[in-house]
Amino acid sequence: MKKKLLWLDDFRKPDDYIKGDYIISWVKNYQEFCSFLNEKGLPDIVCFDHDLGEEKSGYDCAKFLVQFCQDRNLDIPEFDIQSSNTVGKDNIRSLMESWHRFYLENKSEK
């Protein structure tokens, strides 16, 4: 079965970066990202860009995703970060990995 991949980037085309057999949904900003999650749920994989050319960034999208998972007691999906912004990339990775660790620690206690 093909994995569902959510590509967040305002500029880069997923076909230029993604190799393999995926069902790709391309969103370009915070609003589209949030709408996708609210309407379709979690994908199998999320690929983040940080700088989206607007006030809200990929980090804001990552915060929304973590809150979405917290509200539903879900672990985060697989993720990758194609951003050139190293600080933004580190912030997204740190946030996502923190929720993943917290989720696993609390899941094992139940």
Side-chain angles (χ1 to χ4, degrees):
M1 177 178 256
K2 292 182 181 183
K3 287 189 174 187
K4 296 174 187 169
L5 185 146
L6 179 57
W7 179 264
L8 171 66
D9 204 305
D10 63 324
F11 181 73
R12 294 175 195 90
K13 297 176 184 176
D15 294 342
D16 294 341
Y17 294 85
I18 302 298
K19 305 300 178 215
D21 201 16
Y22 298 98
I23 299 169
I24 300 172
S25 298
W26 183 10
V27 296
K28 298 180 180 182
N29 59 49
Y30 177 83
Q31 186 58 44
E32 290 177 5
F33 184 87
C34 297
S35 294
F36 178 93
L37 290 179
N38 286 326
E39 293 170 16
K40 299 184 180 181
L42 284 181
D44 299 305
I45 305 166
V46 179
C47 293
F48 290 95
D49 181 23
H50 182 272
D51 301 320
L52 301 175
E54 59 179 30
E55 184 177 326
K56 297 279 188 174
S57 68
Y59 182 70
D60 293 303
C61 293
K63 290 192 299 186
F64 183 88
L65 174 62
V66 167
Q67 186 64 55
F68 183 91
C69 291
Q70 287 174 345
D71 292 347
R72 292 157 181 80
N73 195 30
L74 300 170
D75 197 2
I76 58 165
E78 292 177 46
F79 71 95
D80 196 11
I81 308 162
Q82 72 271 9
S83 181
S84 299
N85 181 326
T86 56
V87 172
K89 190 180 219 178
D90 290 344
N91 289 339
I92 292 169
R93 179 172 283 107
S94 177
L95 175 67
M96 298 288 281
E97 289 175 350
S98 292
W99 171 247
H100 178 66
R101 279 191 307 274
F102 180 83
Y103 176 83
L104 291 178
E105 289 169 6
N106 286 298
K107 182 179 177 185
S108 63
E109 292 175 4
K110 293 180 182 178

Is it true that a side-chain atom of Asp44 and a backbone atom of Lys4 form a donor plus acceptor pair closer than 3.5 Å?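 Checked: pair present.
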Go through the steps to decide whether His50 and Val87 satisfy the test side-chain contact (heavy atoms from CB on, under 4.5 Å), and finish with yes or no. CA-CA 9 Å; His50 182 272; Val87 172; over 6 Å; no
Any idea which heavy atoms bring [X] and [Y] closest together, and the distance?
X	Y	value
Lys3	Ile45	CD-CD1, 3.9 Å
Leu8	Gln82	O-NE2, 3.0 Å
Gly88	Asn85	N-OD1, 2.7 Å
Ala62	Leu95	C-CD2, 3.6 Å
Ile92	Gly58	CD1-C, 3.8 Å
Phe36	Pro43	CE2-CD, 4.2 Å

Please tell me whether [X] and [Y] are part of a single hydrophobic cluster in this structure, the criterion being side-chain heavy atoms less than 4.5 Å apart.
X	Y	answer
Tyr103	Phe64	yes
Phe68	Leu52	yes
Ile76	Leu74	yes

Between [atom1] of [X] and [atom2] of [Y], what distance do you get to the nearest 0.5 Å?
X	Y	atom1	atom2	answer
Asp10	Arg12	CG	CZ	8.0 Å
Asp9	Ser83	CG	OG	8.0 Å
Gln67	Cys34	CD	SG	11.5 Å
His100	Arg93	NE2	CZ	13.5 Å

Taking the side chain as every heavy atom from C-beta outward, state whether [X] and [Y] have any atom pair closer than 4.5 Å.
X	Y	answer
Cys69	Trp99	yes
Glu55	Asp60	no
Ser35	Val27	no
Ile18	Cys47	yes
Leu104	Asp75	yes
Trp7	Asp49	no
Leu42	Leu37	yes
Asp51	Phe11	no

Keeping to residues at least two apart or across chains, list the side chain to side chain donor-acceptor pair (under 3.5 Å) pairs with something in residues 15-28.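 Every pair satisfying side chain to side chain donor-acceptor pair (under 3.5 Å) with a residue in residues 15-28: Lys2-Asp21.
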Ser94 and Asn91 side chains, donor-acceptor separation under 3.5 Å: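 Note: Asn91 and Ser94 side chains miss the donor-acceptor criterion.
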Aromatic rings Phe48 and Phe33: how do their planes relate, parallel, tilted or perpendicular, breaks at 30° and 60°?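 Because their plane-to-plane angle lies in the 30° to 60° range, the rings of Phe48 and Phe33 count as tilted.
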Check side chain to side chain donor-acceptor pair (under 3.5 Å) between Lys13 and all other residues, then give those that pass, not counting sequence neighbours.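 For Lys13 there are no side chain to side chain donor-acceptor pair (under 3.5 Å) partners, ignoring immediate neighbours.
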Please indicate whether Lys89 has more than 12 foreign heavy atoms, meaning atoms of other residues, nucleotides or ligands, lying under 6.0 Å from its NZ.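 Result for NZ/Lys89: enclosed.
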